[in-house]
Amino acid sequence: MSPDGAGPEAVRTHRYRGPVPELPEVETVRRQLEALLPGATVTGARAHPSPKFAEAPRAAGHRIDAVDRRGKYLLLGLTPATGTTAPAGTGAERELVVHLGMTGGLHVDSASSSGTGPPRAADPYERASWDLDDGRRLWFRDVRRFGRIAVVPAGDHRGLPTLHHLGPEPFDPELDAAGFHRALQGSRRRIKTLLLSQRPIAGVGNIYADEALWRAGIHPGARRVGLERAGRLLGHLREVLAESLDHGGTTLRDYRAPDGAPGDNQRRLDCYGRGGRPCHRCGATLAARALDQRTTTWCPRCQRN
DNA sequence: ACTGTAACCTGCAGGC
DNA sequence: TGCCTGCAGGTTACAG
């Protein structure tokens, strides 16, 4: 660990550990699942006993009608599948909420893969699975168990505080500099910490927070940001998220090819993980330090407090 | 109501 | 070689 974060001896090499799902990755998953799941009915389910996953079986007996996303949360719309007599819109709809956490992933096994070939060894990191009426299986794998599964009445997110108080989607056309500035002004916390809270804007994680603050020239520890700088930050947040989304298709492994190439996970980053290395803009040595217990990288020259 | 802190969890890297 | 320690991350519970 570096004593002062300055000087060449403070170099910390960034070790890539695999895709941490942030908004672009979650949106990519959503698009893939949207092509696979709607219309399928959940006939059975099981889950790891941890309360983080134990609600998964409550999706059984429901048809998946939609695959939506809010921030980093996947929202699968469910309708009771018991008989066709129930009129639509009776209010019994549920929602399967999935947060991928750090290491979570959703997978769809094709019907054919379950019938032929040798039986697959049980995956020790499987946390929940749902049988579909067409023979396929949807399952959730999460090594570190930072993910979360909930089945709630549609739209009732009281049990998930962050989702309940989630800020606007980054690309919501109604979100503008003035509104973003107002949201930032409502808190005295550090701007970086505030972004990670998901309240001013949804879907921003550690990587994109550092990148956008670097581009905007805003110190991550700032507790006040003016209107103009807030507008610039919003623009840069949209930029980094959109750029990542453009590469999202190559970020994820193909579900159906478990042995497939991991794909190109390289992401061009100017700031995150580059502590001790020269700033791409001014050449100063980037600082890396824990800010509110979250690793934060910034340029002490470009990003003044 | 708000703010800050610890906990959750496990593979991996680095030090000795 | 192998054990031990610390780190990474988003969210939540809890204390002040």
Side-chain angles (χ1 to χ4, degrees), chain A residues 1-3 5 9-27 29 47-55 69-75 97-106 123-128 140-150 152 157-167 170 182-212 220-224 237 241 244 251 262 265 267 269 271-276 288-297:
Chain A
M1 121 178 11
S2 64
E9 71 281 0
V11 167
R12 198 155 37 141
T13 54
H14 173 53
R15 304 181 300 274
Y16 188 76
R17 298 168 193 276
V20 175
E22 300 201 32
L23 186 146
E25 285 77 19
V26 178
E27 174 60 17
V29 170
H48 185 280
S50 162
K52 288 179 162 188
F53 312 114
E55 288 183 26
R69 177 193 58 77
R70 275 285 281 136
K72 303 170 196 170
Y73 294 83
L74 286 164
L75 308 173
V97 182
V98 178
H99 193 295
L100 302 178
M102 285 193 46
T103 55
L106 283 166
D123 188 314
Y125 302 116
E126 178 179 311
R127 307 306 184 193
F140 182 66
R141 182 179 196 271
D142 184 13
V143 172
R144 293 190 188 172
R145 292 200 251 158
F146 269 47
R148 172 76 194 268
I149 295 171
V152 300
H157 301 150
R158 288 171 298 175
L160 300 118
T162 301
L163 176 58
H164 188 55
H165 298 108
L166 196 63
R182 268 196 306 278
L184 296 180
Q185 277 187 309
S187 169
R188 303 283 76 208
R189 311 179 81 178
R190 293 184 172 92
I191 182 75
K192 163 76 179 287
T193 306
L194 194 47
L195 289 175
L196 295 184
S197 78
Q198 310 298 303
R199 293 190 74 141
I201 190 169
V204 178
N206 208 20
I207 296 172
Y208 301 125
D210 278 4
E211 290 297 303
R223 292 183 189 267
R224 297 199 63 120
L237 282 165
L241 291 170
S244 179
T251 302
N265 291 315
R267 202 184 273 136
L269 298 174
C271 186
Y272 176 86
R274 296 193 63 248
R289 213 164 304 169
L291 214 65
D292 290 336
Q293 308 188 73
R294 213 38 83 204
T295 301
T296 301
T297 306

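Keep in mind that the numbers below use all heavy atoms, side chains included, and drop hydrogens, waters and symmetry copies. Per chain, numbering begins at 1; letters A, B, ... match sequence-line order.
Evaluation of atom-type donor-acceptor distances gives a pair under 3.5 Å for the side chain of Arg294(A) against the base of dT11(C). In the interface, the side chain of Arg148(A) is not paired with the base of dG10(C) through any donor and acceptor atom under 3.5 Å apart.
At whole-Å resolution of the value, OH in Tyr125(A) and C1' in dC12(B) are 12 Å apart. One atom, CZ of Arg144(A), and another, P of dG6(C), lie 17 Å apart when rounded to the nearest Å. If you take CZ of Arg199(A) and P of dG10(C), they are 18 Å apart, rounded to a whole angstrom. Straight-line distance from the CD atom of Gln293(A) to the P atom of dA6(B): 5 Å, rounded to whole Å. Atom pair Lys72(A):NZ and dT12(C):P shows a separation of 11 Å (rounding to whole Å applied). If you take CE of Met102(A) and P of dG11(B), they are 13 Å apart, rounded to a whole angstrom. Straight-line distance from the CD1 atom of Ile201(A) to the P atom of dG10(C): 15 Å, rounded to whole Å. One atom, CG of Asp142(A), and another, P of dT11(C), lie 13 Å apart when rounded to the nearest Å.
Taking side-chain N and O atoms only, His99(A) has no distance below 4.0 Å to OP1 or OP2 of dG10(C). Proximity of Thr103(A) to the phosphate of dG11(B): no side-chain N or O atom is located under 4.0 Å from OP1 or OP2.
Nearest to the side chain of Tyr73(A), among dT10(B), dT12(C), dG10(C), sits dT12(C). Nearest to the side-chain atoms of Thr295(A) among the listed nucleotides dA8(C), dG11(B), dT12(C) stands dA8(C). Picking from dG11(B), dG4(B), dA7(B) the nucleotide with the shortest atom distance to the side chain of Val143(A) gives dG11(B). Comparing dG10(C), dT12(C), dT11(C) by their nearest atom to the side chain of Gln198(A) picks out dT11(C).
For the atom pair CD (Gln185(A)) and CZ (Arg224(A)), the distance works out to 6.0 Å, reported to the nearest 0.5 Å. Of the inter-residue distances, the one linking Leu184(A) atom CG with Arg189(A) atom CZ reads 13.0 Å to the nearest 0.5 angstrom. To the nearest 0.5 Å, atom CZ of residue Arg145(A) and atom NZ of residue Lys52(A) are 8.5 Å apart. The distance from atom CG of Leu163(A) to atom CD of Gln198(A), rounded to the nearest 0.5 Å, is 10.0 Å. The line from CD of Glu25(A) to CG of Leu100(A) is 9.5 Å long, rounded to the nearest 0.5 Å.
Ring geometry for Phe53(A) versus Phe140(A): interplanar angle of 30 to 60°, hence tilted.
Side-chain atoms of Arg148(A) never come within 3.5 Å of backbone atoms of Pro51(A) as a donor-acceptor pair (strictly under, hydrogens ignored). Between the side chain of Thr297(A) and the backbone N or O of Thr295(A), no donor-acceptor pair lies under 3.5 Å.
Residues Arg70(A) and Leu75(A) have side chains in contact (heavy-atom distance under 4.5 Å, counting atoms from C-beta outward).
Among the protein residues, Gly205(A) comes within range of the sugar-phosphate backbone only, with heavy atoms under 4.0 Å from sugar or phosphate atoms but none that close to a base.
Around atom CZ of Arg188(A), more than 12 heavy atoms belonging to other residues, nucleotides or ligands sit under 6.0 Å away.
Within residues 184-197 of chain A, the residues having any heavy atom closer than 4.0 Å to DNA chain B are, in order of number, Ser187(A), Arg188(A), Arg189(A).
The bend of the helix from dC2(B)-dG16(C) to dC16(B)-dG2(C), defined by the angle between the axes of its first five and last five pairs, stands at 50° to the nearest 10°.
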